[in-house]
Number of protein chains: 2
Amino acid sequence: MGVKAINIPLEFAVLDRLIHDPTRLTLISLLFVVESADFVFLKTQTNLTAGNISSHMTKLENAGYVMVKKRFVGKRPQTMFRLTAKGRRAFDKYRNILSDALSGLPE
Amino acid sequence: MGVKAINIPLEFAVLDRLIHDPTRLTLISLLFVVESADFVFLKTQTNLTAGNISSHMTKLENAGYVMVKKRFVGKRPQTMFRLTAKGRRAFDKYRNILSDALSGLPE
DNA sequence: ACAAACTAGTTTGCACTACAAACTATATAT
DNA sequence: ATATATAGTTTGTAGTGCAAACTAGTTTGT
């Protein structure tokens, strides 16, 4: 028979690409822990450029993972972000798949 | 002072992109556990197309993460892949960064 | 009052990437 | 001979991430 049958359940393939990108992983994780954050907070906590944050958050918004509320604080525009229930579920699922896959490896 | 200073160490940004891609993550993980595998094995264990595997493995080879040995088995070509020491180190580091970052999150 | 510098973002352009389809080359079956 | 299968590689294309450039407004300096 030669080689024994091997079955390694590597579920990396089904990881949500929208979450998996490192930049969005950072942004989503931040939103996950702080519940709600504005643009400036995201910018100072990360080392991302404004443009980068903007386009990624738009992508997350279009996916329905993030809610956006714009208002003025004093005279300045402020953009607030918050994970939606859908976004939270997607992130939970992502984490579970990833940590399961990682823990399935030896060592 | 308003809001307390928050410092969340999210190290996702430094993840090795070469490893982070889900397809390569799958391929590298496979090599990590089986030590050495041929093209056909990688193809049957994953649901990837041959072209996809080919280009990803070339990328990993160029990065010095994977060694390739070609030979004939009977009359058929066989391409064997194996993680290099460098590749193994990179993968170990990747796993550590990722699991640390994940475990830093609440819940 | 006017300009320069700063704040808060969005849009654009480019270089790179992943993916499957198409291809090469050889072997086997009919 | 022709068709089908195996073992891959190369090519073409659509999509992506990123910073630079831009928009719109505010504050500061003189």
Side-chain angles (χ1 to χ4, degrees), chain A residues 3 10 12-31 36-63 65-82 94, chain B residues 2-3 10-31 36-63 65-82 94:
Chain A
V3 182
L10 298 171
F12 297 119
V14 300
L15 287 172
D16 186 337
R17 313 295 253 234
L18 211 61
I19 295 178
H20 191 60
D21 172 78
T23 301
R24 284 192 294 269
L25 206 38
T26 302
L27 293 169
I28 292 179
S29 298
L30 270 176
L31 287 182
S36 148
D38 65 15
F39 194 96
V40 175
F41 176 81
L42 294 180
K43 188 156 161 22
T44 54
Q45 284 287 315
T46 65
N47 286 354
L48 302 168
T49 61
N52 205 354
I53 293 172
S54 178
S55 52
H56 280 300
M57 294 312 282
T58 299
K59 206 160 284 194
L60 292 173
E61 189 191 0
N62 291 340
Y65 286 3
V66 162
M67 278 204 64
V68 182
K69 261 180 192 134
K70 284 171 182 295
R71 60 171 183 163
F72 281 85
V73 174
K75 301 178 166 186
R76 294 268 168 74
Q78 187 193 49
T79 305
M80 287 288 295
F81 300 101
R82 180 184 298 270
Y94 174 85
Chain B
V3 181
L10 298 169
E11 293 298 312
F12 297 119
V14 299
L15 287 172
D16 186 337
R17 313 295 255 233
L18 211 61
I19 295 178
H20 191 62
D21 172 78
T23 301
R24 283 192 294 268
L25 205 39
T26 302
L27 293 169
I28 292 178
S29 297
L30 270 176
L31 287 183
S36 147
D38 65 16
F39 194 99
V40 175
F41 176 81
L42 295 180
K43 188 156 163 21
T44 54
Q45 284 288 314
T46 65
N47 286 354
L48 302 168
T49 61
N52 205 356
I53 293 171
S54 178
S55 51
H56 281 299
M57 294 313 282
T58 299
K59 206 160 285 195
L60 292 174
E61 189 190 358
N62 290 340
Y65 286 4
V66 162
M67 277 204 64
V68 183
K69 261 180 193 135
K70 285 171 181 294
R71 61 170 181 162
F72 281 85
V73 174
K75 300 179 166 186
R76 295 269 169 73
Q78 187 193 50
T79 305
M80 288 287 296
F81 300 100
R82 180 183 297 268
Y94 174 86

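The basis for the numbers below is simple: all heavy atoms, side chains too, and nothing from hydrogens, waters or symmetry mates. Numbered from 1 within each chain, the chains take letters A, B, ... in sequence-line order.
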From [atom1] of [X] over to [atom2] of [N], roughly how many Å is that when rounded to an integer?
| X | N | atom1 | atom2 | result |
| --- | --- | --- | --- | --- |
| B:Asp16 | C:dT17 | CG | P | 12 Å |
| B:Leu18 | C:dT17 | CG | C1' | 12 Å |
| A:Leu48 | D:dC18 | CG | C1' | 10 Å |
| B:Met57 | C:dA18 | CE | P | 14 Å |
| A:Ile19 | D:dT16 | CD1 | C1' | 17 Å |
| A:Gln78 | C:dT10 | CD | P | 13 Å |
| A:Glu61 | C:dT11 | CD | P | 11 Å |
| B:Ile53 | D:dT6 | CD1 | C1' | 14 Å |

(message) Need the pair for C:dC2. Rule: Watson-Crick or G-U wobble, both distances under 3.5 Å, any strand; none if unpaired.
(response) D:dG29
[X] near the nucleic acid: base, sugar-phosphate alone, or nothing, with a heavy-atom cut-off under 4.0 Å?
| X | answer |
| --- | --- |
| A:Ser54 | base |
| B:Lys59 | sugar-phosphate |
| B:Thr58 | nothing |

Do any side-chain nitrogens or oxygens of [X] fall under 4.0 Å of OP1 or OP2 in [N]?
| X | N | value |
| --- | --- | --- |
| A:Arg24 | D:dG17 | yes |
| B:Arg17 | D:dC18 | yes |
| B:Thr23 | C:dC19 | yes |
| A:Thr49 | D:dC18 | no |
| A:His56 | D:dT16 | no |
| A:Asn52 | D:dG17 | no |
| B:Lys75 | D:dA5 | no |

(message) So, taking the atom named OG in B:Ser36 and the one named CG in B:Leu31, what distance separates them when rounded to the nearest 0.5 Å?
(response) 8.0 Å
(request) Heavy atoms only: give me the nearest B:Leu48-B:Asn52 pair and the separation to one decimal. (result) CD2-ND2, 3.9 Å
(request) Could you tell me which non-hydrogen atom of B:Ile53 sits nearest to which non-hydrogen atom of B:Lys43, and how far apart they are? (result) CD1-CA, 3.5 Å
(request) Map A:Lys70 and B:Arg76 onto DNA chain C by nearest heavy atom, then report which one ends up closer to the 5' terminus. (result) A:Lys70
(message) Is it the case that the side chain of A:Ser54 and the backbone of A:Ala50 share a donor-acceptor pair, with hydrogens and angles ignored and the cut-off at 3.5 Å?
(response) no
(message) Donor-acceptor pair, distance only, cut-off 3.5 Å: does the side chain of B:His20 make one with the backbone of B:Tyr94?
(response) no
(message) As a test of understanding, state which of B:Ile19, B:Val66, B:Leu18 forms a side chain to side chain contact (heavy atoms under 4.5 Å, CB included) with B:Arg24.
(response) B:Leu18
(message) By nearest heavy atom, map B:Ala50 and A:Asp21 onto DNA chain D; which one lands nearer the 5' end?
(response) B:Ala50
